[in-house]
Colleague: 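Attaching a single structure in structure tokens format; questions to follow.
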Amino acid sequence: MSDVTFQPSLYYDVVARDDNEDCTNVGKEFHVNPCYSNGGLVTVQCGLCRQDMTLISATLLDPQPEVS
């Protein structure tokens, strides 16, 4: 997913895929909304194996969620 440049401190709608062949989640895609871009970086980890997943797509949320 090289066509998305994450802007710092914003929320995105992200789809990520687990590509770790040693994990039972291998090949599964996960929808993360909202996903925060901390410093312009976004990483999504598998809840089982704790490996970083491959980002498939990301869309900037508009409007951005309100933080209280």
Side-chain angles (χ1 to χ4, degrees):
M1 193 188 78
S2 60
D3 58 336
V4 174
T5 301
F6 291 102
Q7 299 175 41
S9 306
L10 294 176
Y11 289 92
Y12 290 82
D13 180 2
V14 171
V15 176
R17 182 184 62 234
D18 189 331
D19 290 332
N20 180 2
E21 293 181 7
D22 295 326
C23 183
T24 56
N25 281 337
V26 66
K28 292 181 182 176
E29 292 185 359
F30 297 88
H31 189 93
V32 183
N33 183 352
C35 183
Y36 186 69
S37 64
N38 189 17
L41 300 174
V42 170
T43 58
V44 177
Q45 290 184 342
C46 174
L48 295 177
C49 68
R50 301 288 185 219
Q51 297 291 318
D52 286 347
M53 292 195 278
T54 302
L55 299 180
I56 303 299
S57 66
T59 304
L60 182 64
L61 293 179
D62 185 21
Q64 289 284 293
E66 290 188 29
V67 179
S68 56

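Residue numbers count from 1 along this sequence.
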Colleague: Taking Gln64 for its side chain and Tyr11 for its backbone only, find out whether a donor-acceptor pair lies under 3.5 Å.
Modeller: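 Yes, because the side chain of Gln64 sits within donor-acceptor range (under 3.5 Å) of the backbone of Tyr11.
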Colleague: Do the side chain of Tyr12 and the main chain of Gln7 share a donor and acceptor less than 3.5 angstrom apart?
Modeller: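 Yes, Tyr12 side chain to Gln7 backbone: donor-acceptor pair under 3.5 Å.
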Colleague: Please lay out, stage by stage, how Asp19 and Gln51 fare under the test side chain to side chain contact (heavy atoms under 4.5 Å, CB included).
Modeller: CA-CA 9 Å; Asp19 290 332; Gln51 297 291 318; over 6 Å; no
Colleague: Assigning hydrophobic clusters by single linkage (Ile, Leu, Val, Met, Phe, Trp, Tyr; side-chain heavy-atom cutoff under 4.5 Å), is Val44 placed with Leu10?
Modeller: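 Yes, one cluster joins them.
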Colleague: Tell me the closest heavy-atom pair linking Arg17 and Met53, and the distance in Å.
Modeller: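 Shortest heavy-atom contact: O-CB, 3.2 Å.
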Colleague: Which heavy atom of Val42 sits nearest a heavy atom of Cys35, and at what distance?
Modeller: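 The answer is CG1-SG, 3.5 Å.
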Colleague: Nearest 0.5 Å, what's the CZ-CG distance between Phe6 and Leu55?
Modeller: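 Separation between the atoms: 5.5 Å.
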Colleague: Nearest 0.5 Å, what's the CG-CG distance between Asn33 and Leu61?
Modeller: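 It comes to 5.0 Å.
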Colleague: Provide the closest heavy-atom pair for Cys49 versus Asp18 in the form atom of the first, atom of the second, distance.
Modeller: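 The answer is SG-OD2, 4.0 Å.
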Colleague: State, yes or no, whether a side-chain contact exists between Cys46 and Asn20 at a heavy-atom distance under 4.5 Å.
Modeller: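 Result no, sub-4.5 Å side-chain heavy-atom pair not found.
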Colleague: Provide the closest heavy-atom pair for Gly39 versus Pro8 in the form atom of the first, atom of the second, distance.
Modeller: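 Minimum heavy-atom separation between Gly39 and Pro8: C-CB, 3.9 Å.
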